[in-house]
Amino acid sequence: MTNMEPRYDASTVESKWYGRWEAAGLFQPDPDPNKKPFTVTIPPPNITGSLHMGHALCYPIQDLYGRFQRMQGRSVLILPGQDHAGIATQSVVEKMLRKEGSSGAQIGRDKFVERVWEWRKESGDNILHQLRTLGCAFDWSRSRFTLDEKYHEAVLKAFIDWFDQGLIFRGKRVVNWDPVLQTSVSDIETERKTVRGKLYYIRYPFADGSGSVTIATTRPETMLADVAVAVHPSDPRYKGLTGKTLILPLLNRELPLIADQYPDPAFGSGAVKITPAHDPNDYQVGVRHNLPMPVLLDSRGRITEEGGPYAGLDRNEARKRIVADLEEQGFIEKIEDHDIPILISDRSKEPIEPLLSEQWFCDQPKLAASAIDVVRNGDVKFFPERYEKIYLDWMENIREWCISRQLWWGHRIPVYYGEDGTAYAALSWEKAQSKASASKIVRQDDDVLDTWFSSGLWPFATLGWPEQTDDLKRFYPTSLLVTDRNILYLWVSRMIMMGLDFAKSKPFEDVFIYATVLTEDGRRMSKSLGTGVDPLEVIQKVGADALRYTLLSQTGANQDIRYSERKTEEARNFCNKIWNATRFVLLNTEGSLRQQPAELEDVDKWLLSRLAMTEKTVKSAFEGYDLQTACQALYQFFWSELCDWYIEVAKPRLIDPGKRETPQWVLLTSIDAFLRMMHPVMPFITEELYANLPLPKKAEFIMSAPWPEIPPEFSQPDVEARMERVFEITRGLRALRAELGLTPGVSVPVAYCEGDIAGGDWIVKSQAWVQEIRAGKPDGKHISATVEGVDIHLPLGDLVDPAKELDRIGREEIKAREELAKTEERLGDATFIERAKPEVVERAREQAEEIRSRLRKLEERRKLFG
RNA sequence: GGGCGGUUAGCUCAGUGGUAGAGCACUUCGUUCACACCGAAGGGGUCACAGGUUCAAAUCCUGUACCGCCCACCA
């Protein structure tokens, strides 16, 4: 294998392997029943989605664990799929229709849904293809879509079950209404924002002409649907007035002045107008006092008939007109600036209208208890751990979930109504009819289910539930969920509740929540802000392996990571380094010994010991979701230990036919193990290089190879310490050379050395480019350094500028004196001697002694030049 | 209002009790037969701030400031 290019070309290599893995069936779980399964059902991306940096992290993490666990001997299933994403998809298709001059309303429900399916067939799979580019080894033969027929049946079954148990019910509530999308959305799908607004103080006169009550409101337009004014019973300002009748300005309707706990006497005037249909608090008041609840806004946020002369106006326009009219008629007492908290719809980014309407709800509070237990008792574990508390806090305060959406794209609610309005939940119209018996079914509910209702079933519905399929039996509960923190409440908590109730056990063991990918300067990546970066473009430039490494090597317990092009270049350089080092090894291992040689030099033992340490670190870091540490250990082992030291030291032996077999074996052993450990992070380059390694025993693919087993005897800490000394001395000598302006590679005839260099003469000679090392000290002028207690001298005084050298010695002396002063101060402290651990005191003593000796030597050297 | 992260070298980040580390950037040198997407040598930090615990604090505790995220029905 000598035809490797000196520059690694990712695109050639990366296009080669994916198809081969797939053809070899490696994406399917190993059928061997003795292998413990490792299962992941991936968070299904939306069919509207295109790949972004978050995906480029999320899915490779799962792929990494699939590959890692496969190497650990598990039967791995990573099940991919997609989410129909009700609101998002419906919006996309609506937009397309509008461009064509049409609309959903125009073509009707059936045609519209047909249209969405068409669109999905054309472009809905894009994102899954993009995951292949990233190297994700997912089982495409088991891919699922949340609107597949089978999946749909599972959703209906779940709904009907909960309906029958009373866990799903219909109710009239003030919900979050999105006037743009014209549907309800759940509490979690809204975002709180504070905007600068006004607080209007409006006088409501008493019907009997005895003055007025001033209310304070931020939303004057809703007064048209007022049904009362409330004050706190303890408020002295309104003592004896409750029960009287007020006149609603503009509409001249009568309103009672009522007493309720809700108004805060300290806020505004202490009196609150009550609009039950458009404010959740007012709604509660309305219920307590049995008040009427007129609805003022229609589905687009326009004023209804209730608004009398204002009917038909948009709510914002209505506000202006109403304030102007109130002002003109003298009802406004004052207007103050006020920060108003408003709700914004996540999807449309428009302000939410609280709106009283009839919706379907899920009784989450009843389901929460076991979902709390399963996390409390450690059956489901969160990584990083802090998310456990966030999850529990949420679950302990969980509220009803509005699951109906006024959309067409989604799972239509399987509820059918009889003539008398009775609701029957059933799999079909016919089944509903048989449930209803005598009563005739006249219509099906128009609403569809919240997308999260169907995705909550994902871990088991994808495996065949409600049927007890072989897959469900073998692969459920799944092993790992990898997701981002934004959907902890929307999705993770629902899967846990639904999994426990429907599939009778937790949906997954571990939940790993990865960091948000930000831009280099810490801003959110977003298409609309223009701060997004397309992963596919990055892959074209540096390769999928490099992109994976860039993101994975920053992944741990952190909550953000910053993406930058610079980092991808570093990762690409690392790929190139791996490529070239392996290339070098291949060029130097032809006809090599394939068995462990009897005799190993210290440097060989050193590298193998470092390899053993690295394997330990990497494995436990992977297991603990600390990819950062794993990547760092791999990087350091490969670049600085294997390349910078071992290969350089091994070069002379590699050209010597009598000595080459040992370093050949060490290099092959190390590279083989390194590539296997690196494979979960960089699947392509490792596969390509592994294919070329001349190993005695080799798997068909590195992907199907086992995790490297490092013999325990490779670990030799004492040899490591010895070698580190030799390397330090080498560095010291190189520094002396640099002092003389001698460039690396230029050979120096002789260096002197006083002290034990641990049998590393030959290493120091070759690595510091010295022909001979003599014991002792040179006679003439020389420069010196003390490293690891060893004095090294370079007898090349002629080359030295004495002034410069004296300056250097002076600087070192100052440094040493400062160090000595600090250390002596510590040693002079009686409590330190008494209370510090003995080994710490001992070390301080040794250090002091070492510095003193260094100072003495510096003094001698000064004399030499002075 | 409550909670959670973060604040360490110019930049991006490691580092959970014993005198500060990496990569990049920077300076100097170098085309030595794997790699210039490379190698060698160097410069660079009162570890946000203030208290406290300790013989000893970047590290533990308390508080403050700033940045970010999440939760929360004051009209």
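All chains are named by letter (A, B, ...) in the order of the sequence lines, taking the proteins before the strands, and each is independently numbered beginning at 1. Owing to the predicted nature of the structure, the values given are computational and were not obtained by experimental measurement. These values consider heavy atoms only, across backbone and side chains, with no hydrogens, waters or symmetry-generated copies.
- The interatomic distance linking A:L518 (CG) with B:G5 (P) rounds to 18 Å, in whole Å.
- In this structure, A:H232 contributes its side chain and A:S234 its backbone to a donor-acceptor pair below 3.5 Å.
- Here A:R610 does not pair with A:E724 in a salt bridge; the nearest charged N to carboxylate O distance is not below 4.0 Å.
- When the salt bridge (Lys or Arg N to Asp or Glu O under 4.0 Å) test is applied to A:K389, the partners found at least two apart in sequence or on another chain are A:D393.
- Here B:C74 is the nucleotide among B:C35, B:G5, B:C74 with the atom lying nearest to any side-chain atom of A:R192.
- The shortest side-chain heavy-atom distance between A:L693 and A:L675 falls under the 4.5 Å cut-off.
- On the C1' atoms, B:C47 is 4 Å away from B:A58, given to the nearest whole Å.
- Comparing A:N486 and A:K389, the nucleotide of RNA chain B nearest to each residue sits closer to the 5' end for A:K389.
- Taking the six-membered ring where tryptophan is involved, the planes of A:Y8 and A:W579 are tilted, since the angle between them lies from 30° to 60°.
- B:A50 and B:A65 have their P atoms separated by 15 Å, given to the nearest Å.
- Between the P atoms of B:U7 and B:U16, the separation comes to 12 Å (whole Å).
- Listed by first residue number, the stems of RNA chain B with at least three Watson-Crick or G-U pairs below 3.5 Å are B:1-7 with B:65-71, B:10-13 with B:21-24, B:26-30 with B:38-42, B:48-52 with B:60-64.
- Atom CD1 in A:I647 sits about 18 Å away from atom P in B:U32, given to the nearest Å.
- Residues in residues 828-849 of chain A take part in no ring pair (Phe, Tyr, Trp, His ring centres under 6.0 Å) pair, two or more places apart or across chains.
- Listed by chain and number, the residues in a side-chain hydrogen bond (donor to acceptor under 3.5 Å, both in side chains) with A:S186 are A:E189 (sequence neighbours excluded).
- Formation of a donor-acceptor pair under 3.5 Å by the A:T516 side chain with backbone atoms of A:D560 is not found in this model.
- Comparing B:C37, B:A75, B:A34 against the side chain of A:T217 picks out B:A75 as the nearest.
- In this structure, CH2 of A:W579 is placed 14 Å from C1' of B:C37, rounded to the nearest angstrom.
- Across all strands shown, A:K837 has heavy atoms under 4.0 Å from base atoms, whether or not it also approaches the sugar-phosphate.
- If you take CD of A:E385 and P of B:G5, they are 11 Å apart, rounded to a whole angstrom.
- Among the protein residues, A:D829 comes within range of the sugar-phosphate backbone only, with heavy atoms under 4.0 Å from sugar or phosphate atoms but none that close to a base.
- Residue A:R386 has no polar side-chain atom (N or O) positioned under 4.0 Å from OP1 or OP2 of B:C4.
- Residue pairs meeting the ring pair (Phe, Tyr, Trp, His ring centres under 6.0 Å) criterion with at least one member in residues 552-573 of chain A: none, sequence neighbours excluded.
- When the ring pair (Phe, Tyr, Trp, His ring centres under 6.0 Å) test is applied to A:Y514, no partner is found at least two apart in sequence or on another chain.
- B:U31 and B:C26 have their C1' atoms separated by 22 Å, given to the nearest Å.
- The nearest whole Å value for the distance from the CD1 atom in A:I202 to the C1' atom in B:A75 is 11 Å.
- For B:A34, its base sits under 3.5 Å from the side chain of A:E648 at one donor and acceptor pair at least.
- Of the residues listed (A:R566, A:R572, A:K567), the one engaging A:E570 in a salt bridge (Lys or Arg N to Asp or Glu O under 4.0 Å) is A:R566, and it is the only one.
- Annotation: side chain of A:L642 is in contact with side chain of A:F637 (closest heavy-atom distance under 4.5 Å).
- Ring pair A:H338/A:F267 is perpendicular by interplanar angle, where above 60° counts as perpendicular and below 30° as parallel.
- At the heavy-atom level, A:E570 lies under 4.0 Å from the strands shown only through sugar-phosphate atoms.
- Separating the CZ atom of A:R583 from the P atom of B:C33 is a distance of 12 Å, rounded to the nearest angstrom.
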Atom pairs under 3.5 Å: protein N/O with N/O of nucleotides 9-12 of chain B:
from  : atom 1 : to     : atom 2 : distance (Å)
B:U12 : OP1    : A:R562 : NH1    : 3.2
B:U12 : O2'    : A:K567 : NZ     : 2.5

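- No donor-acceptor pair under 3.5 Å is formed between the side chain of A:R737 and the backbone N or O of A:L794.
- With sequence neighbours left out, A:Y262 forms a ring pair (Phe, Tyr, Trp, His ring centres under 6.0 Å) with no residue at all.
- Taking the six-membered ring wherever Trp is involved, the centroid distance between the rings of A:F382 and A:Y387 does not fall below 6.0 Å.
- A:Y262 comes within 4.0 angstrom of a base, heavy atoms only.
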Pairwise N/O distances under 3.5 Å, protein to nucleotides 19-21 of chain B:
from  : atom 1 : to     : atom 2 : distance (Å)
B:U19 : O4     : A:T823 : OG1    : 2.8
B:U19 : O4     : A:Q847 : OE1    : 3.2

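- Distances shown here put a side-chain N or O of A:K651 below 4.0 Å from the OP1 or OP2 atom of B:A34.
- Applying the 4.0 Å criterion to OP1 and OP2 of B:G5, one finds that A:R485 has every side-chain N and O outside that range.
- At a threshold of 4.0 angstrom between heavy atoms, the contacts of A:R523 with the nucleic acid are absent.
- Here, B:U54 and B:C66 have their C1' atoms 29 Å apart, quoted to the whole Å.
- The CG-P distance, from A:N397 to B:A72, rounds to 9 Å in whole Å.
- Separating the C1' atom of B:U62 from that of B:C70 is a span of 25 Å, rounded to the nearest Å.
- At distances below 3.5 Å, at least one donor-acceptor pair connects side-chain atoms of A:Q664 with backbone N or O atoms of A:N588.
- Between A:N558 and B:G5 there is no side-chain polar atom (N or O) within less than 4.0 angstrom of OP1 or OP2.
- Within 4.0 Å of A:C575, counting heavy atoms only, lies no atom of the nucleic acid at all.
- Within 4.0 Å (heavy atoms only), A:G197 reaches no atom of the nucleic acid at all.
- To the nearest whole angstrom, the two P atoms, one in B:G5 and one in B:U19, are 28 Å apart.
- Protein atom CZ of A:R737 is 18 Å distant from nucleotide atom P of B:G39, rounded to whole Å.
- Within residues 332-341 of chain A, the residues having any heavy atom closer than 4.0 Å to RNA chain B are, in order of number, A:H338, A:P341.
- In this structure, A:K577 fails the cation-pi test against A:Y635, since its NZ or CZ atom is not both closer than 6.0 Å to the six-membered ring centre and inside 45 degrees of the ring normal.
- Where A:D626 and A:D393 meet RNA chain B, the nucleotide closest to each residue was compared, and A:D393 sits on the side nearer the 5' end.
- Across the P atoms, B:G23 and B:G42 are found 13 Å apart, a figure rounded to whole Å.
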Extract from the structure each pairing of a protein N or O with an N or O of nucleotides 40-44 of chain B at less than 3.5 Å, listing the distance.
from  : atom 1 : to     : atom 2 : distance (Å)
B:A40 : O3'    : A:R734 : NH1    : 3.3

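- Residues satisfying the ring pair (Phe, Tyr, Trp, His ring centres under 6.0 Å) test with A:Y201, not counting sequence neighbours, are none.
- A:Q767 and A:T730 are not linked by any side-chain donor-acceptor pair at a separation below 3.5 angstrom, with hydrogens and angles left out of the test.
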